[in-house]
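The next block holds one structure in the form of structure tokens; read it before the comments.
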Amino acid sequence: MNIHFAHPMYLWALSGLIIPIWMHFYHRKASKWRYYSDLSWLNKVYQEGKGTKQIQKIWLLTARLLSLIFLILALANPLGDGPSPSVAVSKPILYVDNSPLQVIAGRKAFLEKAQNLPKSPNGQAYLFFNDFESQDFELKAWPRIQEQWNQIGTGLSRVKPSQVIQQAQQISEENQQKNTLYWFSDFPKNKALPPISSNEPIVLQKLDGIHSDNIYVDSIRLSSKFIRPNSNYDLLVRMKNGGTKAAKGRQIALYMNDFRMASQTLNLEPDETVELRFPFSLANSGVYKLRLQMDDPVAFDNNFYFLLQSSAPRKIYVVGNQAQSLEKVFEKEEFFEFKQVTTSELLPARLPEDAFVCLVGVENLKASDWKALNQWVSQGHSLAIIPNQNPNEATLQDINRFLAGSGKQMAVTSSSTLPVQQVSTKQAFFQEILAKRTKENAAKLWTSKPLWEWNPGKEVLISWMNGKPFLEKINLGQGKVFMFASQVLGPQDGFNKHGLFLPVWHEMVLSSASNPVLHQRISSHGIEVKASPNFIYQSAEKSLLIWNKSGQRFIPEQNWLGKSWLCRIPLAMMQDLRSGANGFVEAQVDGKTMAHLALNYPKEFSQLASYSLEELKDHYRGQSLVKVEQEVPEGLGEAPERKSWALWCFSLALLCFFLEMAMVLWNSQSLRTGAVNR
């Protein structure tokens, strides 16, 4: 039988039993001689054996000690009929999916599930949400868990099932137990179901899904990459119904600075998409706040926020002797500013933020120039490289060092003139170009002489017939490099005379410009806020970035990286159920606006389709480690109830006390009787 005490500290009182034992032996004094003048008086003394007196005193001491012992044990509250205290009771692990769809759109069902948790303060469990990186993973009593569940805001992390399983296993390993994982979610169909672990049991707790239509913005783009004031353009909006019911007669309205510009009516079946066109025009240059507003029942994503800005003239800086040939490509377009510069002027500190740089022949660049260009491109800029007629090995080594990290290796080729392959309309780069050209012109091929070659990647724009790249877009850091394999500016080159020559150059320059449509999908990874070109970082205190949203000020968690801040959505914004984390935000430093942000929820959160209870049971049928339940059982996380022996100890203490009193009274009566007989 396993016994332990509810209040073991009281057992220290047993050390006090030494006091009555000491008093008992202290009063046993040694015998003394007494002298009497007349021994006749001794004949009437009551004769009592010495052994009988000692026995009475021993029983009296025993009764007194037992009464104290049982009283102390009663106060310590001995418990029995339960597991050994050395064996810890397994505590459940609770993972709660607190996505915006659950916390905001399905809040009623989300809170009802919290009300059905066990109420006993003796039960304990571990608890974490989607932002489990910040959780302390300490045991919490059920009332505390319910309180934290009711107060939690939206979690923006779209965690993978494997991450949840891994986190639960980590908790079990730290406690050296096999803890059962209780998984609370609506289990959306756009995310994989929890995988089966060979060791840890899982109990799936289904939250009620939302059965409604839900239209949201899947993507947004403009009919032109270059926006000029007082010109007409189209906003192309791809809408999708992520709900479980058909959307009928839903209104979508376009607002610019809170002024309603246009609206359309939409009918969509579940999982169906459609592209809408909204005409617009910008009266002046600057940044405009726009939003698309929907009227479906799921309100947390009914507004899509974005910014529009008119395009600044695109600056093109060319280095090389054949810059005049390239100038003719841009001279007839007013939104291009062409400038020929020398190698000494090609310093990143002197280049504008929005410049497009082209190197025609690269023999005159030093190693320090290549290093500076590498840093400039990696920060998000664009560069085009055209080889010279006679490339040498030293130049190729410089370029290979420049492209280090991209996986590209340039080599001189001895191939003769080769034809190129027909460009594909499936490439996004050529879709707008070929839409403006006839099929006959697009089908015509040209020939060129390759000067160097390299291994093709994923973004080869034009290829030779032998499969090698003619023109490829190579990602370098956050920027891109357009690499040509031939001297395309020479009059003898076939590309120079082809109808795609001019539109390809225009597309390269315009696609590298800042996007006129500015918006971000918020996530737990953070949001980058770029500093203005003239901003100088001084200290964390003086350069603190503050977000201003609808008059409310928030200080996000932030890190300074190069010329920008990397910020995470503040917890106060996520917990604001009225406006949420989406909307327009001004990023300010010392009261000055550094940037404007348009934040929107990830489109995965707008998908309502989820697995039903029956589908979950069918999916995990025959797998004993996974259970699908409706309610959390009572008594979860509590130790089995033990039987208290405190009342028995109190009764025995009282019995020993009465026995002691009876012995004291009997001993007193004996002493009085002996005195009379004297």
Side-chain angles (χ1 to χ4, degrees), residues 91-159 163-164 167-168 171 179 181-188 203-210 298-301 522-524 526 547 549-557 567-583 585 599 601-602 605 610 630-634 636-638:
K91 304 297 183 182
I93 302 173
L94 275 60
Y95 162 64
V96 182
D97 182 4
N98 61 320
S99 68
L101 186 63
Q102 291 294 326
V103 178
I104 303 177
R107 187 162 183 78
K108 182 178 180 181
F110 186 77
L111 296 180
E112 285 180 354
K113 199 68 174 181
Q115 298 298 323
N116 294 331
L117 295 176
K119 305 295 190 298
S120 173
N122 298 324
Q124 292 180 315
Y126 299 94
L127 174 69
F128 63 92
F129 300 91
N130 286 349
D131 55 342
F132 54 78
E133 294 179 355
S134 63
Q135 301 297 318
D136 52 14
F137 298 114
E138 294 181 354
L139 280 172
K140 299 179 177 65
W142 284 114
R144 174 61 182 146
I145 290 175
Q146 189 178 46
E147 178 185 359
Q148 191 170 352
W149 186 320
N150 291 331
Q151 295 177 353
I152 192 66
T154 58
L156 300 178
S157 301
R158 194 71 170 180
V159 296
Q163 293 175 299
V164 179
Q167 198 64 36
I171 297 176
N179 302 87
L181 173 61
Y182 282 77
W183 192 306
F184 294 85
S185 176
D186 64 331
F187 300 103
V203 179
L204 305 182
Q205 292 280 332
K206 178 75 169 68
L207 295 172
D208 292 338
I210 303 173
V298 184
F300 84 96
D301 60 353
I522 56 181
S523 70
S524 60
W547 285 4
K549 180 187 176 186
S550 302
Q552 291 183 290
R553 292 163 62 88
F554 303 94
I555 301 178
E557 178 186 346
C567 304
R568 293 191 176 225
I569 299 293
L571 183 62
M573 286 179 63
M574 291 193 295
Q575 292 180 338
D576 189 353
L577 299 179
R578 294 171 299 175
S579 58
N582 58 336
V585 175
L599 307 181
Y601 288 112
F605 289 129
S610 61
Q630 280 289 97
E631 306 295 339
V632 180
E634 286 289 340
L636 193 64
E638 294 186 47

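Along the sequence shown, residues are numbered consecutively beginning with 1.
Using a 4.5 Å heavy-atom cutoff, the side chains of Val159 and Tyr95 are in contact. Residues Gln102 and Phe184 have side chains not in contact (no heavy-atom distance under 4.5 Å, counting atoms from C-beta outward).
Of all the heavy atoms in Pro100 and Leu156, the pair that sits closest is CG-CD2, 4.3 Å. In plain terms, the two heavy atoms of Glu631 and Asn116 that are nearest each other are OE1-CB, 3.3 Å. In terms of heavy atoms, Gly209 sits closest to Ser610 at CA-OG, 4.2 Å. Closest heavy-atom contact between Tyr601 and Gly580: OH-CA, 3.5 Å.
Here the side chain of Asp131 pairs no donor or acceptor atom with the backbone of Gly155 at under 3.5 angstrom. Glu634 contributes no side-chain N or O that, together with a main-chain N or O of Pro118, makes up a donor-acceptor pair within less than 3.5 Å. Judged purely by atom type and a 3.5 angstrom limit, Thr154 uses its side chain to pair as donor or acceptor with the backbone of Met574. Using modelled atom types, one side-chain atom of Trp149 and one backbone atom of Phe110 make a donor-acceptor pair closer than 3.5 Å. Under the 3.5 Å distance criterion, the side-chain polar atoms of Tyr126 are left unmatched by any main-chain donor or acceptor of Leu181. The backbone N or O of Leu117 sits less than 3.5 Å from a side-chain atom of Lys119, completing a donor-acceptor pair.
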Decide side-chain contact (heavy atoms from CB on, under 4.5 Å) for Asn130 and Asp97; before the verdict, give the C-alpha distance in whole Å, the side-chain angles of both, and the deciding distance to 0.1 Å.
-> CA-CA 6 Å; Asn130 286 349; Asp97 182 4; 3.0 Å; yes
side-chain contact (heavy atoms from CB on, under 4.5 Å) between Met573 and Trp547, worked out
CA-CA 10 Å; Met573 286 179 63; Trp547 285 4; 3.9 Å; yes
Inset, instruction - Apply side-chain contact (heavy atoms from CB on, under 4.5 Å) to the pair Lys113 and Val632, showing each step before the final yes or no. - result: CA-CA 9 Å; Lys113 199 68 174 181; Val632 180; 5.6 Å; no
Could you go through Val96 and Leu127, starting from their C-alpha distance and side-chain angles, then the distance that decides it, and tell me whether this counts as side-chain contact (heavy atoms from CB on, under 4.5 Å)? CA-CA 8 Å; Val96 182; Leu127 174 69; 3.8 Å; yes
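Other residues, nucleotides and ligands place no more than 12 heavy atoms under 6.0 Å from the CZ atom of Arg553.
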